[in-house]
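Data block below; observations after.
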Amino acid sequence: MNYPFWDVPLLGGGLVIALIAIPHVFVSHFAIGGGIFLAWTERIGIRKGKPEYIAFAKRNTLFFVLMTLVFGAVTGVGIWFSIGLVHPDATSALIHNFVFGWAIEWVLFLVEIAAALLYYYGWDRVDQKTHQFIGWAYAGAAWGSLVVINGILAFMLTPGRWVETGGFWTGFFNPSYFPSVLIRTCVCLALAGLYALLMASREPAGETHDKLVRYASTWLLPAFIGLPIFAAWFVFTLPSLAQDMFMGRAAVLTIFAALSLGISAIIFAFAYLIAYRNPHSVSTPVALLFLVLGLAVTGVTEFGREAARKPYIIYDYMYSNAVLKRDVARLQQEGVLRNAKWALVSKATPQNALIAGREIFTLACAHCHTVDGYNGVRLLVKGWPEPFIEHQLTYLDQLKGFMPPFVGNPEERRALAKWLASLNPSALPARTSAAATDSLSADPLALGEAAYSAHCANCHTIDGRNAIRRHVKGWTQSVAYERLGRLESLRGYMPPYEGPEPERQALAAWLASIGNDAPTAGGAR
Amino acid sequence: MNEAIIPSIDPIALPAPVWLMQFLSGLTFIFHVIPMNVVLGGGVVALVLAVRGTRGSQDLYVRLAGRMASVLPVAIAMTITLGVPPLLFLQAMYGPLFYTSSVLMAWPWLSVIAILLVGYYGHYYFSLSKDSANPRTLIVGAVAVVAFLVIAFLYVSNMTLMVMPERFLGIQRSWTSGFLPFTGDSIFAPRFLHFITGAVSVGGLLAVFVGLLERSDAEFKAVAVRAGGFTFVGATIVQIATGIWFLLALRPRVMMLFMGQDHVATALFGVAVLLALVAVALILVAVIGKKRPWMTIAGTACIGLTIIIMTVMRSIVREAYLGTRFVVAEQPVNPAWDVVVLFLVLLVAGAALVGWMIHAVVTRRGLAAS
């Protein structure tokens, strides 16, 4: 609310960052691994008198240099541009804390770029010893830039004691710093190996082809051994909410984690069983496929790592919507509109509720949600009556752990609920039990079940997660009827029941019926 | 809508004094603008020479264009790499202004990245092409040149908007917010033209140096020095004219700083104009006369000094436009000297390492020789 908001329709700002960042992460890891790969391969060629290794390193230099210099550098600057546009507050916080960290990374990048160019131009100009030195300067500076930027990236997920104490080094050497740097190093080597496999696969069939393919496949070994250990260490350092999200609390994240593990396992199996054991069978399309799988695993892992930070953008300091954690209580009293510099209105009233609601959406929600596109809120609230939306907003962070608390005051919450409800005007009657009454009035239990679908099923299932059958076990119809009248006092986060009298009777009857029934197979509706 | 809304400064204090960050920002900016001018102006001059050479069957122009183009990819790498720290320090010190102006022209600003990729690969193609007169090479070269001109346009747009916070709210409330670059101020056109003509001057100097470094072909050497020298002189004269237009387009109170109201600003302005004129005279003599290398180096040194002075003047204009609405020096500072010193030590060590490696490759004298 400090900065004007950049509205990216359909995609949302987060996806814009991802579209630039994921290729950058892939290419930059790949380029860092490439630096080490070139220097090491040249070294083996010199030490063991294998000219084919030196020739192989020389042939692949231009590609790595162009990748680093052009695509890596430009997309790296691109991430900066995009985060500044989508999250100016968070970017500002990071830069204020780490500006000299970035400056140090830049020095290493400068050396990397210069050394990469000189390594390329130096193949036929300088002696082997000097060329090796330049190669190691390239590799060292490239890896050094990773060591530095990793501190800032890991900081966003696990700032640790920095939140209380502040300070550069506390934030830099944060809890997940070391496992992250080890994971990233393994990934760099593995990606360079996958690329080398592709290049080796293009050699004419024969001894050199097989030798180079086998050599390239050994570059995946550090990742094969190291990644499971370092990944476990990394998960251990995460905040418990993030751990829970990986372990099933957020289904998408669990799927992403599983994909990451699964694809990695396939790549390693390929590297060992095919590339190492049967190098002659590695053709270019197969090697290309595995390089693409490498890109895929980078994508899902980075996406998962970013998502694990929710509801924060800088953990325990700033929420995804740029609200500082320490400001939440104040904003819930004062309201967000009063504190928003660029909003059209400064207060929510019944008269301006729709305009105010739209503005509050921009301030509090639009950093993660679009209206109609990615994570689109129109579909998310489809069928939700206004009181239910307001209730969800009231307990947003408790109901959905990966969302921040709603930061407006009660008037603003009502205005936002009204605006959100207005997004689906035609859907509203279909979800109300009043409509159901007409068709189901002949069967009170069916009417009760329809009422359950309308009022309860957003949070409850019958026998699965948050099972209603367990909650109402042993209830009679009169007990159910009585408790429906005071739901909010039973559990602070439950909304009051606001349906009409006949529907309440029917719902009570239905609850009593399931409370005294045995669970049905597949009843997790 | 003339109310100036400026976001609050970040609650985290700056980790170094503002003067130090201003100095580092200015220093790295100077190292950034030199290769940037080579890319922008060198590209324009090389393209014009290639087109003229192709049309008039003047092979030497085509050859000169090819030689100039071969410098461009490395110059782009240097421009990008050396552009990182000024942008970093700018964000640290002027975040509330810079992020706001960027968001208000978000799509054009983000498009810089895509345009840069096109220009970068385009110049690689232009420079690696064996035949600079080939129509395809010329078209790709033209696309790359236009790409860098557009980037310059967008940078001038954003850097101009960020010092005019009184424009922010009006743009934010307009339906074009985020979609159009900012051009709606009388200083935009002269500022843009002033920088473009300056870049073309530097492009001319690049041609002169390509000529001076030629050892075997005297005819090529003469053509390169002549073409480059006259391009430099012509572009610098136009640049001085656009500079006067730029000065007159400034807000009167800012303009008056350079017209006697502020002694330092006035002196800097006078010296910069004088140095530019001296450079024109020296290069003219170098083109016409015989003492070419010495005169050219002296002329180039004058241009280098002018760029340094212009960098200082640029920051005077910025502070004057912002006035009391955003006083950069009044931000909270909590120095982290250990990190600052680590950066400075690494910078010196890194520069020394790069210098040694360049020396080794250029002179072909490496570790084995020593």
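To find a chain, count down the sequence lines: A is the first, B the second, and so on, and within it residues start at 1.
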Flag the one option from [options] with the top tally of heavy-atom pairs under 4.5 Å to chain A.
| options | answer |
| --- | --- |
| B/P85, B/P73, B/A77, B/A351 | B/P85 |
| B/M78, B/Q91, B/M21, B/M93 | B/Q91 |
| B/A349, B/G178, B/A16, B/A106 | B/A106 |
| B/V361, B/V112, B/L116 | B/V361 |
| B/L88, B/L110, B/V339, B/V84 | B/L88 |
| B/L82, B/I80, B/V340, B/L24 | B/V340 |

Decide yes or no for [X] and [Y]: does some side-chain heavy atom of the first lie under 4.5 Å from some side-chain heavy atom of the second?
| X | Y | value |
| --- | --- | --- |
| A/W169 | B/D338 | yes |
| A/F71 | B/Y121 | yes |
| A/R326 | B/P11 | yes |

Option in [options] with maximal non-hydrogen atom pairs under 4.5 Å from chain B:
| options | result |
| --- | --- |
| A/P88, A/S92, A/A115 | A/S92 |
| A/G122, A/A103, A/G84 | A/A103 |
| A/G166, A/G78, A/A73 | A/G78 |
| A/V111, A/I134, A/V74 | A/V74 |

Should the heavy atoms of other residues, nucleotides or ligands under 6.0 Å from [atom1] of [X] be counted, would the total exceed 12?
| X | atom1 | value |
| --- | --- | --- |
| A/F173 | CZ | yes |
| B/F31 | CZ | no |
| A/R59 | CZ | yes |
| A/Y317 | OH | yes |
| B/W175 | CH2 | no |
| A/L324 | CG | yes |

Spatial distance of atom [atom1] ([X]) from atom [atom2] ([Y]) [nearest 0.5 Å]:
| X | Y | atom1 | atom2 | answer |
| --- | --- | --- | --- | --- |
| B/I12 | A/I95 | CD1 | CD1 | 11.5 Å |
| A/L85 | B/Y99 | CG | OH | 10.0 Å |
| B/S102 | A/W6 | OG | CH2 | 11.0 Å |
| B/L14 | A/N97 | CG | CG | 11.0 Å |
| B/I113 | A/T75 | CD1 | OG1 | 8.5 Å |
| B/I5 | A/Y3 | CD1 | OH | 13.5 Å |

Answer with side chain, backbone, both or neither: which region of [X] has an atom nearer than 4.5 Å to a non-hydrogen atom of chain B?
| X | value |
| --- | --- |
| A/V86 | neither |
| A/I20 | side chain |
| A/A343 | backbone |

Please look at [X] and chain A and tell me whether the side chain, the backbone, both or neither of the residue comes under 4.5 angstrom of a heavy atom of that chain.
| X | value |
| --- | --- |
| B/Y124 | side chain |
| B/F343 | both |
| B/S177 | neither |

Are A/F133 and B/W356 an aromatic pair, judged by ring center distance below 6.0 Å? yes

Is it the case that the side chain of [X] and the backbone of [Y] share a donor-acceptor pair, with hydrogens and angles ignored and the cut-off at 3.5 Å?
| X | Y | value |
| --- | --- | --- |
| B/R364 | A/V126 | no |
| A/W106 | B/T81 | yes |
| A/H96 | B/A92 | yes |
| A/N2 | B/S8 | yes |

Least distance between heavy atoms, [X] atom then [Y] atom:
| X | Y | value |
| --- | --- | --- |
| A/A114 | B/V354 | CB-CG1, 3.7 Å |
| A/L118 | B/M357 | CD1-CB, 3.5 Å |
| A/A93 | B/D10 | N-OD2, 3.2 Å |

Side chain to side chain contact (heavy atoms under 4.5 Å, CB included) for B/V103 and A/W342? Distances and angles first, verdict last. CA-CA 12 Å; B/V103 168; A/W342 309 90; over 6 Å; no

For A/W80 and B/L87, what are the C-alpha separation, side-chain angles and deciding distance, and is it a side chain to side chain contact (heavy atoms under 4.5 Å, CB included)? CA-CA 10 Å; A/W80 233 24; B/L87 195 61; 3.7 Å; yes

